[in-house]
Amino acid sequence: MKTIRGPGIFLAQFAGDGAPFNSLDAICGWAASLGYKGVQIPTWDARLFDLQRAGESKDYCDEVTGVAASHGLTVTELSTHLQGQLVAVHPAYDLAFDGFAAPDVRGNPAARQEWAVGQVRAALTASRHMGLKAHATFSGALAWPYVYPWPQRPAGLVETAFDELARRWRPILDHAEEMGVDIAYEIHPGEDLHDGASYEMFLERVGNHARANLLYDPSHFVLQGLDYLDYIDIYASRIRAFHAKDAEFNPTGRQGVYGGFQSWANRAGRFRSLGDGQVDFGAVFSKLTKEGFDGWAVLEWECAIKSAEQGAREGAPFIAAHIIEATQVAFDDFASGGTDEATNRRMLGLA
């Protein structure tokens, strides 16, 4: 067993145009003041990170890690959630996702996809420059508009979508192998990889690629009615990153999983700040520790009720209180009488 590292914080939801959220140095100082020990950096936010430079220059990457270190922080992972989303976009979402891309490729799906692939590759290279072992991202989606089988899906539709998704990601995964970095897909509604079954469909098509791994976030499973603890038992060997995020699901006679097109605050299923939802984090941390996960526990704040500032203040001590110092001895070692093979055989009546 190993001890989970933390607390870390994902900076995406906190970055802004006002101090202290408008530069890496200032936001790292803010995070450190709250008790965080690590930061996960969104690579699309130019206020915090220059991805093009990072992919080309180890010196720049050393500057970034140096800024974090000056505040006593470690960079936990880089994130390309928005760019990974654009590796595969169904035409129904072209306009909705176009804003994720650089202005010069908007309105051109082929150019946008090429740009997105380059972004993820650059982030993997930057991860190597920074000595990181995992990279957080989304898979994108081609089949998501057909997630509910009505009208009836034509035979082969889903298979074709996953074949194409795998075709697009396989060269990126091979680059990840060259860089020595695991891709940790966040399993998330809106992505073709949104649960264990869909992940397995993808994994099979990329030849069980050693770098096609997982970012574990129990909140998305609460909202799907999926057993988030059993998920750890099944996929522990593939979990490379961890978002600590809470959620609650309170179905009524009016709405359930699909939410009735309501706002986040009015949905039956909604994200909450740590400790305010239904996730059993004691069990989550226990299982991850037992399975030997030694990555970072990173707060991802998304709450329909509580402010980001309060969520961040409360998040660091919450995570710290749940980190288990993994034992290296058995609790009953004090009672051991010592033994050897000859004694074992005598105890079994085999001598």
So does [Y] get a backbone contact from the side chain of [X], meaning a donor-acceptor N/O pair under 3.5 Å?
| X | Y | result |
| --- | --- | --- |
| D182 | A134 | no |
| R270 | A247 | no |
| R170 | V206 | yes |
| Q113 | A88 | no |
| T74 | T76 | no |

Under a 3.5 Å cutoff, is there a donor and acceptor pairing between the side chains of [X] and [Y]?
| X | Y | value |
| --- | --- | --- |
| H175 | T125 | yes |
| E200 | Y235 | yes |
| H71 | D25 | yes |
| D340 | T343 | yes |
| E186 | H220 | yes |
| T43 | T80 | no |

- Task: Would you check if F49 and L51 make a side-chain contact, meaning some heavy-atom pair closer than 4.5 Å?
- Result: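 Side-chain contact under 4.5 Å: yes.
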Would you say the ring centroid of [X] lies under 6.0 angstrom from that of [Y]?
| X | Y | answer |
| --- | --- | --- |
| F100 | F138 | no |
| F293 | Y216 | no |
| W296 | F242 | no |
| F221 | H194 | no |

- Message: For a side-chain hydrogen bond (donor to acceptor under 3.5 Å, both in side chains) check, start with the C-alpha distance between Q262 and Q255, then their side-chain angles and the critical distance, and finish with the verdict.
- Response: CA-CA 9 Å; Q262 301 304 296; Q255 57 163 287; 5.3 Å; no
- Query: Below 4.0 angstrom, N of the basic side chain to O of the carboxylate: do R47 and D17 qualify?
  - Reply: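 Salt bridge: yes.
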- Message: Going by side chain to side chain donor-acceptor pair (under 3.5 Å), name the residues that satisfy it together with R205, two or more places apart in sequence or in a different chain.
- Response: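 Counting only residues at least two positions away or on another chain, R205 forms a side chain to side chain donor-acceptor pair (under 3.5 Å) with D163.
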- Task: For the pair H81 and F10, name the ring-plane relationship: parallel under 30°, tilted 30 to 60°, perpendicular over 60°.
- Result: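 Ring orientation of H81 relative to F10: tilted.
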Result block: side-chain N/O donor-acceptor pairs under 3.5 angstrom for residues 28-42, not counting sequence neighbours:
{"from": "S33", "atom 1": "OG", "to": "W30", "atom 2": "O", "distance (Å)": "2.6"}
{"from": "Y36", "atom 1": "OH", "to": "A312", "atom 2": "O", "distance (Å)": "2.6"}
{"from": "Y36", "atom 1": "OH", "to": "A316", "atom 2": "N", "distance (Å)": "3.1"}
{"from": "Q40", "atom 1": "OE1", "to": "H243", "atom 2": "NE2", "distance (Å)": "2.7"}
{"from": "Q40", "atom 1": "NE2", "to": "E77", "atom 2": "OE1", "distance (Å)": "2.7"}

- Task: Decide yes or no on side-chain hydrogen bond (donor to acceptor under 3.5 Å, both in side chains) for S273 and W301, but give the supporting numbers first.
- Result: CA-CA 6 Å; S273 289; W301 173 85; 3.3 Å; yes
Could you tabulate the donor-acceptor pairs under 3.5 Å formed by side-chain atoms of residues 141-157, not counting sequence neighbours?
{"from": "Y146", "atom 1": "OH", "to": "H90", "atom 2": "NE2", "distance (Å)": "3.3"}
{"from": "R153", "atom 1": "NH1", "to": "Y146", "atom 2": "O", "distance (Å)": "2.7"}
{"from": "R153", "atom 1": "NH1", "to": "V147", "atom 2": "O", "distance (Å)": "3.4"}

